[in-house]
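Nothing fancy with the numbering, it's 1 onward along the sequence. As the structure is a prediction and not an experimental result, all values here were calculated from the model.
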Amino acid sequence: MLNAIWAIMILAAVIFGACTGRMSEVTNAALDSAGEALSLCFTMAGVVALWMGLMEIASSAGLIRKLTKGISPFLRFLFPRIPRDHPAGEYIATNVIANILGLGWACTPAGLKAMEELAKLEAQRGNPEYLEAGPGEAGYGRGSLKGRAAGRREGAVRGRRASNEMCNFLILNISSLQLIPVNMIAYRSQYGSANPTAIIAPAIAATLVSTLIAIVYCKIKDHTGSRNAQAQVQEKSYKALSAEGKDRGGKAV
């Protein structure tokens, strides 16, 4: 979708430049933007190297481990169904800490690993959506051509739906509190801001509000989901008892 949007924007710019006789300006703007993009890449590479180095030093010094232990009560509150000492909890903690420090590029690998571990957790819980499908169980009939082809593919999986923990983690990752918005500071510095760090206080306030709203929303959805699940269990139990009563009544007759 994004590729299509960019292609349309570029094509519109070229057509507009050709129709208005300003193709030279379009060409110059493209060349200037390419130079600025290269300069920005070098600037961001330096910032990334600096903060990734600090992150490694903090990890070697045990600071990350202490921070992980410090936020563990918060993570237990937000993810109560994740077992203690599960690998997903460690990756989630690393992702949250990196986000708080404004290291968006450092939190991505931990976020991906957290999602992988959460998927394994769903498989351990017996969620059929996360178990490998057998031959002909990929949503097609066993005798159909598509069913036989799906059965020949090793590791074919059923259609998946994100678990509550996955949704909560994604929402928390998007709305995460940031104490040091490194990216914005680097951008402002690159484009000549007189005070690049002036963004820190507004960023803390905005991300704090977004994080609080995200937490409230996740807990509300968890509570609603738990009530729905209990209602479904009760309904199934009632149907099972009704069916059993009918069978007994039929035998008695």
Side-chain angles (χ1 to χ4, degrees), residues 51-52 54-56 58-132 157-183 203-234 236:
W51 285 100
M52 288 296 290
L54 292 176
M55 194 77 171
E56 287 296 325
S59 179
S60 300
L63 180 60
I64 300 298
R65 185 167 57 253
K66 291 181 179 179
L67 290 175
T68 301
K69 187 178 296 185
I71 66 173
S72 59
F74 165 73
L75 295 180
R76 292 297 305 168
F77 168 74
L78 198 60
F79 304 96
R81 296 183 64 237
I82 295 180
R84 292 183 181 274
D85 300 326
H86 192 275
E90 180 180 351
Y91 288 122
I92 291 174
T94 303
N95 178 273
V96 170
I97 292 171
N99 260 325
I100 291 175
L101 297 178
L103 306 177
W105 46 81
C107 73
T108 300
L112 295 175
K113 293 296 293 183
M115 283 296 187
E116 290 179 3
E117 293 298 331
L118 289 175
K120 293 179 182 177
L121 180 60
E122 288 301 305
Q124 293 171 2
R125 289 171 175 170
N127 187 339
E129 296 177 353
Y130 288 84
L131 299 176
E132 290 188 355
V157 294
R158 299 171 173 86
R160 292 181 176 181
R161 179 173 53 187
S163 64
N164 282 358
E165 288 85 1
M166 291 179 177
C167 294
N168 290 351
F169 173 58
L170 182 59
I171 293 172
L172 181 65
N173 183 71
I174 294 173
S175 64
S176 178
L177 170 68
Q178 285 195 4
L179 300 180
I180 309 173
V182 178
N183 285 349
I204 292 176
T207 55
L208 178 61
V209 172
S210 66
T211 301
L212 291 176
I213 293 175
I215 293 172
V216 172
Y217 176 79
C218 289
K219 299 310 291 184
I220 291 175
K221 296 300 289 185
D222 279 347
H223 181 66
T224 304
S226 298
R227 287 195 305 177
N228 292 339
Q230 291 176 359
Q232 290 177 359
V233 170
Q234 291 176 355
K236 289 180 180 179

For Tyr130 against Arg161, the heavy-atom pair lying closest together: OH-O, 2.9 Å
Phe77 backbone acceptor or donor facing Lys219 side chain under 3.5 Å: yes
Presence of salt bridge, Arg125 and Glu165, under 4.0 angstrom: yes
N/O donor-acceptor pair under 3.5 Å between Tyr91 side chain and Pro109 backbone: no
Gap separating the CD1 atom of Ile171 from the OG1 atom of Thr211, nearest 0.5 angstrom: 12.0 Å
Distance, nearest 0.5 Å, that separates CG of Leu78 from CD1 of Ile71: 10.5 Å
Among Thr94, Ile92, Asn99, the one residue meeting side chain to side chain contact (heavy atoms under 4.5 Å, CB included) with Val96: Ile92
Phe169 side chain near Asn164 side chain, heavy-atom distance below 4.5 Å: no
Check: Asn173 main-chain N/O paired with Ser176 side-chain donor or acceptor under 3.5 Å: no
Contacts of type salt bridge (Lys or Arg N to Asp or Glu O under 4.0 Å), residue Arg76, not counting sequence neighbours: none
Pairwise side-chain contact, His86 with Leu121, heavy-atom cut-off 4.5 Å (strictly under): yes
Spacing of Asn168 atom CG and Asp222 atom CG [to the nearest 0.5 Å]: 4.5 Å
Test item: Ser175 side-chain N/O and Ala214 main-chain N/O as donor-acceptor pair under 3.5 Å: no
Within 6.0 angstrom of Arg84 CZ, more than 12 heavy atoms from elsewhere: no
Check: Pro87 main-chain N/O paired with Glu117 side-chain donor or acceptor under 3.5 Å: no
